[in-house]
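Please read the structure below before turning to the comments.
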Amino acid sequence: MSRKCSLTGKGGQFGHRVSHAKNRTKHVFKVNLQNKKIFVPSLGKTVKLSLSAHALRIIDKLGADAAFKKYGLEVK
């Protein structure tokens with residue numbers, strides 16, 4: 001399973017750690033993923049998803065159905 005948000009598609013990024021002496025070492029910035037069970041009213045059941053913290057805030061604000069519709073995610 002990839003480290004990617006099921007709703008927004010957010011993934012990790014690559015970059016450098018830069019020391020005071022300007023030495024650069026490779027670094028991976030990982031996305032803040034949470035495994036959650038979300039109740040979907042249109043289906044009448046819960047669905048397990050791997051969501052970023054940002055996606056959880058979107059679902060809290062809009063609701064599950066509206067958030068899935070906004071990002072074009074079909075839940076079966």
Side-chain angles (χ1 to χ4, degrees):
M1 188 168 124
S2 64
R3 292 180 183 262
K4 202 170 214 184
C5 177
S6 300
L7 183 64
T8 61
K10 284 186 175 209
Q13 292 183 336
F14 298 94
H16 290 97
R17 294 255 190 227
V18 182
S19 70
H20 184 69
K22 303 291 192 255
N23 296 329
R24 286 168 169 77
T25 56
K26 291 184 179 179
H27 177 68
V28 178
F29 298 94
K30 296 178 183 170
V31 66
N32 183 9
L33 288 180
Q34 312 290 324
N35 292 320
K36 295 288 182 180
K37 291 181 183 177
I38 303 293
F39 180 75
V40 183
S42 61
L43 297 176
K45 62 180 181 179
T46 59
V47 180
K48 286 174 80 172
L49 295 171
S50 179
L51 299 169
S52 65
H54 180 69
L56 289 172
R57 293 185 68 201
I58 292 170
I59 290 172
D60 282 344
K61 184 176 181 179
L62 301 177
D65 285 332
F68 294 154
K69 185 177 179 182
K70 178 178 179 180
Y71 284 96
L73 181 70
E74 284 188 33
V75 181
K76 297 176 185 175

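Computed from a predicted model, the values in this text were never measured in an experiment.
- In terms of heavy-atom proximity, Lys36 sits nearest to Leu56 at CG-CD2, 3.9 Å.
- Side chains of Leu51 and Gln34 form no contact here, defined as non-hydrogen atoms less than 4.5 Å apart.
- For residues 6-27, the ring-ring contact (aromatic ring centres under 6.0 Å, His included) pairs, not counting sequence neighbours, are His27-Phe29.
- Put simply, CG on Leu49 and CD1 on Ile59 are 7.0 Å apart, with the number rounded to the nearest 0.5 Å.
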Sequence neighbours left out, cut at 3.5 Å: what donor-acceptor pairs do the side chains of residues 61-73 make with other protein atoms?
unit_1: Asp65; atom_1: OD1; unit_2: Ser42; atom_2: OG; d: 3.0
unit_1: Asp65; atom_1: OD2; unit_2: Ser42; atom_2: N; d: 3.4

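- For the atom pair CD1 (Ile38) and OG (Ser6), the distance works out to 10.0 Å, reported to the nearest 0.5 Å.
- The two residues Val31 and Ser52 come nearest to each other via the heavy atoms CG2-CB, 4.1 Å.
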